[in-house]
Amino acid sequence: MTREQQVPHGYEDTPAYKALNDAGVLTTTYRRKDVSDIFTGVDVRANATQQSNMMARLKSCWCIPGIGCCLYNMSHIETFVPAGHVGFLMGEQNEYLFMQPGMHNIGSIYMRKIGDPRPLRGHIQHGNRTIVIVEQGFVGFAMDNGQPVLLPPGIHVWTSESLYYDRAVPLDNHIVDLGPMTLVTVDEGYAAVTQNNGKQTVLQGGHTHLLTHKNWKFEKFISLKIQTDELEKIQATSADNINMSVTSTVNWRIVDVEVAATMAAETMATTGKAGSISADITKLRRDVLKQALASLAAFIGAVNYSESFHMSAAAAGTQRPNEKPVEGVLVAQSTKTAEHKFVENPMYDIDKMDTSVAHANRVTRTYGVEIMSINIISASPIDAKLTTSLASGAVASAEALQAETAARGKANAVRIAAEAEAARVTIEAKGIADAEIIKAEAQAQGVRAVAAAVQSDGGHHAMGQRVAEMYVGQLAEMAKHSKMMIVPDKPNDIAGVLSTAFGISETVHSAVRGSTTAQRK
C-alpha cells in the first residue's frame, strides 16, 4: 500500500474545493496521515527517559573516572521536545533532521541541535525540510521549479531543494490569485467577463470557475440585476413649442452579457497593462442613460402640453359630437369614468410612454440592454407666466369637474328616492291584495262548512232553528233603532218565514245543479 493510499481523503471533499478538484490541480503527494507520520527515514524518534539518562551518565563516570563526565557531555545530546512541537538537528553529514516530541539521548559527537523546538503550526522550514499545515478553507501555494503546487488541507512534509512554500490562500474571496491560475467565484445575478488569449469568455453566475493559465485574465463582474438611474434634468420642447424642465428616471437591465461586454463594456485598457481597466460598467451605463434621454425628448416633442395637461381637457377631447347629454349614473360608474379621463394625459400615461421605451430599446438591444421603463417625475414649463396661466385653467377645470360631480350626485339621489317610493307603493298594494285574498278564502271556507253541516243528519232542522233565532233577534234590533220597518204581513208566523227561506235556498241550489250539469255536458 502506497503512502498516497494510506492518507485519508476527505479534507478537500467540500464544496469550497469543487472547482479545484474538478480541474485536478490539488497535490496530495506530500500529505501525511497524522503528526507521527511526519518523522520518517533518518528523523530522530524519542528514545530516553530521565532514569535512562541518569544511568548513562553514571556509567560513563564510573568507567572512566575523572574525565568520564566530560566525555559524556561531549558525545551525547540530551534534549526534550514538548508535545505538539518539533525539534531540529544537523546530522553527521550536515543533513537536516527532525526530532519527535519526547525525551532524546543522542550519542554522537558530530550531530548538533539547531535552535529551540517549534510548535507544529503553519509553516516550518528546516533547511531543505519543510512541514506545512494547511487549514480547512485555505489552499497552500508552493512553487516547484517554477510550476505551481496547490496543497489541500492537511499536514504536508517534503524534502526538496526546489520546492518551496509561499503562502496559504483563503478561498472565501471572489477572486483568488493562485500564481498563473485564478479562481473566480461568480454570485447569482452576476456574470464575469474574462479574456482567454484575447477571446472573450463570459462566466455564468452561481458557480466557481478556474482560469487555468496566466493569459486567461479576469476583467470585471457585470451585474444582471435591475438598475435604476436618475436621468439628468433636461429642457425639452413640446409639440406646441412650450419649453419644459423635465425630471425623470429609467429602469434597465442587461439581458445579453456577451453582447453587452463585446459592444459596450470597457474590457481592455489603453495602456495595455492588466489592472488598468475600471471595474464598473461606466461606459455601458452612460450609453444607456444617453439613449433614454434622447427617447424621452422625442416623446415630449410629440405631446401637445397645453391641451392635454389638465384632466378636464383630456375628458373634453374624448367626448364625441353625437354623444348623449349627461344622465344620472351610479357613483361607482362615475368614479371609473373619472379615472379613465385622468390617464388620458399622455405625459403620465403608461401605455403612451411605452412608445418612448420601445424607441429606446431599438437601439439598446443592439448592445444587450433592455430598458424596462422611463418615468417622468415632473414636467413643468420654464416660463413662470405660462405656469400661472395653466394653474388658473386647472383651478377652473377642477371647479367644473366638482360641479359636474355634484350634479351627478343629485341626479342619483332623485333616482334613488323615486325607486324607493315606487317600491313602497308596490309592496303596499301587494299587501292589500294578499289580505283580500285571505279574507275571501276564509269566507269561502265558512260557507263550505255551513253547507256540510246542513247536508248532515239533522242539519236542515238546525238551520231552521238558527234562521228563526236570527229572525227574532233582528226584529228586536229593528224595533229598538228604527222608526219605520217593513215586515211580513204576519210577523208572528215564524213557520211561514222559514218556509219562504227554505224555498229560496232550494231554488238557488237547483239553479246551481242545473248549471253544473250543463257545463259537464
Discussion item. Between H123 and Q125, do the side chains contain a donor N or O and an acceptor N or O under 3.5 Å apart?
Written reply: yes
Worksheet item: Can a donor-acceptor pair be found between the side chains of K113 and T79 at a distance below 3.5 Å?
Response: yes
Worksheet item: Is the backbone N or O of T29 less than 3.5 Å from a side-chain atom of T27, with the two atoms forming a donor-acceptor pair by type?
Response: no
Discussion item. Any carboxylate oxygen within less than 4.0 angstrom of a Lys/Arg side-chain nitrogen, looking at R57 and E78?
Written reply: yes
Discussion item. Checking H174 against D187: is there a side-chain donor and acceptor pair closer than 3.5 Å?
Written reply: yes
Fill in: Neighbour count above 12 (heavy atom, 6.0 Å) for Y96 OH
no
Discussion item. Under a plain distance cut-off of 3.5 Å, with no hydrogens placed, do E258 and T262 share a side-chain donor-acceptor pair?
Written reply: no
Practice prompt. Kindly indicate whether the side chain of P152, heavy atoms from C-beta on, has any atom under 4.5 Å from the side chain of T28.
Written response: yes
Item to complete: Verify side chain to side chain donor-acceptor pair (under 3.5 Å) between S162 and D144, making sure each step is shown before the conclusion.
Response: CA-CA 5 Å; S162 59; D144 188 9; 2.6 Å; yes
Worksheet item: Can you find a pair of side-chain heavy atoms, one from L183 and one from I175, that are under 4.5 Å apart?
Response: no
Worksheet item: Regarding N375 and S248, is there a side-chain donor-to-acceptor distance under 3.5 Å anywhere?
Response: no
Worksheet item: Backbone N or O of L151 within a donor-acceptor pair of the Y30 side chain at under 3.5 Å?
Response: no
Worksheet item: Taking everything shown except M55 itself, do over 12 heavy atoms lie less than 6.0 Å from its CE?
Response: no
Worksheet item: Would you call E12-R31 a salt bridge at under 4.0 Å N-O?
Response: yes
Practice prompt. Identify the heavy atoms of V139 and L150 that sit nearest to each other, and give their distance.
Written response: CG2-CB, 4.0 Å
Fill in: Test: R129 and D43 ion pair at under 4.0 Å
yes
Worksheet item: Got a donor-acceptor contact below 3.5 angstrom from the H76 side chain to the A56 backbone?
Response: no
Worksheet item: Going from CD on E232 to CD on E230, what distance comes out if it is rounded to the nearest 0.5 angstrom?
Response: 10.5 Å
Practice prompt. Decide yes or no on side chain to side chain donor-acceptor pair (under 3.5 Å) for H85 and D116, but give the supporting numbers first.
Written response: CA-CA 10 Å; H85 289 62; D116 296 326; over 6 Å; no
Worksheet item: Under a 4.5 Å cut-off applied to non-hydrogen side-chain atoms, are N196 and N215 in contact?
Response: no
Item to complete: Of all the heavy-atom pairs spanning I374 and A292, show the shortest one and how long it is.
Response: CD1-O, 4.0 Å
Discussion item. Closer than 3.5 angstrom, by distance alone: can the side chain of D256 be matched with the main-chain N or O of V259 as a donor-acceptor pair?
Written reply: yes
Worksheet item: For V303 and S238, which heavy atoms make the closest approach, and how far apart are they?
Response: O-CB, 3.2 Å
Worksheet item: Between CH2 of W216 and NZ of K199, what distance do you get to the nearest 0.5 Å?
Response: 12.0 Å
Discussion item. Evaluate H126 against F98 for ring pair (Phe, Tyr, Trp, His ring centres under 6.0 Å), listing each step before the verdict.
Written reply: CA-CA 8 Å; H126 180 43; F98 290 132; 5.7 Å; yes
Worksheet item: Hey, mind stepping through F218 and Q195 against side chain to side chain contact (heavy atoms under 4.5 Å, CB included) and telling me if it holds?
Response: CA-CA 7 Å; F218 169 80; Q195 299 293 334; over 6 Å; no
Worksheet item: So with a 6.0 Å cut-off around NZ of K59, is the heavy-atom count from everything else above 12?
Response: no
Worksheet item: So, for L210 and A23, which heavy atoms are closest and what is the spacing to 0.1 Å?
Response: CD2-CB, 3.5 Å
Worksheet item: Is there a donor-acceptor pair closer than 3.5 Å between any side-chain N or O of N47 and the backbone N or O of N105?
Response: yes
Worksheet, complete the sentence: Smallest heavy-atom separation, M263 atom then Y367 atom, equals CB-CB, 3.7 Å
Worksheet item: Sub-3.5 Å donor-acceptor pair from the side chain of T185 to the main-chain atoms of T208, do we have one?
Response: no
Practice prompt. Take V132 and W158, measure what side chain to side chain contact (heavy atoms under 4.5 Å, CB included) needs, and give me the verdict at the end.
Written response: CA-CA 9 Å; V132 174; W158 65 80; 3.8 Å; yes
Worksheet item: How far apart are the closest heavy atoms of P101 and G84, and which atoms are they?
Response: CG-N, 4.2 Å
Worksheet item: Is a side-chain donor or acceptor of S52 paired with a backbone partner of A48 at a separation under 3.5 angstrom?
Response: no
Worksheet item: Does the gap between the ring centers of F299 and H359 come in under 6.0 Å?
Response: no
Practice prompt. Assess whether side chain to side chain contact (heavy atoms under 4.5 Å, CB included) is satisfied between I114 and L89, documenting all intermediate values.
Written response: CA-CA 5 Å; I114 306 297; L89 286 175; 5.9 Å; no
Worksheet item: Is there a donor in the side chain of T194 and an acceptor in the side chain of Q200, or the other way round, less than 3.5 Å apart?
Response: no
Discussion item. Quiz question: by atom type and distance under 3.5 Å, do the side chains of D229 and W252 form a donor-acceptor pair?
Written reply: yes
Practice prompt. Check the side chains of T237 and N243 for a donor-acceptor pair under 3.5 angstrom, ignoring hydrogens and angles.
Written response: yes
Worksheet item: Could you go step by step and tell me if L284 and I254 meet the side chain to side chain contact (heavy atoms under 4.5 Å, CB included) rule?
Response: CA-CA 10 Å; L284 179 62; I254 297 174; 3.5 Å; yes
Discussion item. Looking at I371, is its backbone amide N or carbonyl O close enough to the side chain of N361 to form a donor-acceptor pair, meaning the two atoms are under 3.5 Å apart?
Written reply: yes
Worksheet item: Just by modelled atom types, is the L203 backbone N or O under 3.5 Å from a matching donor or acceptor in the H207 side chain?
Response: no
Discussion item. Can you confirm whether the side chains of N251 and T228 place a donor and an acceptor under 3.5 Å from each other?
Written reply: yes
Worksheet item: Is there side-chain contact between V369 and R253, with heavy atoms separated by less than 4.5 Å?
Response: no
Worksheet item: Is a side-chain donor or acceptor of Y17 paired with a backbone partner of F138 at a separation under 3.5 angstrom?
Response: yes
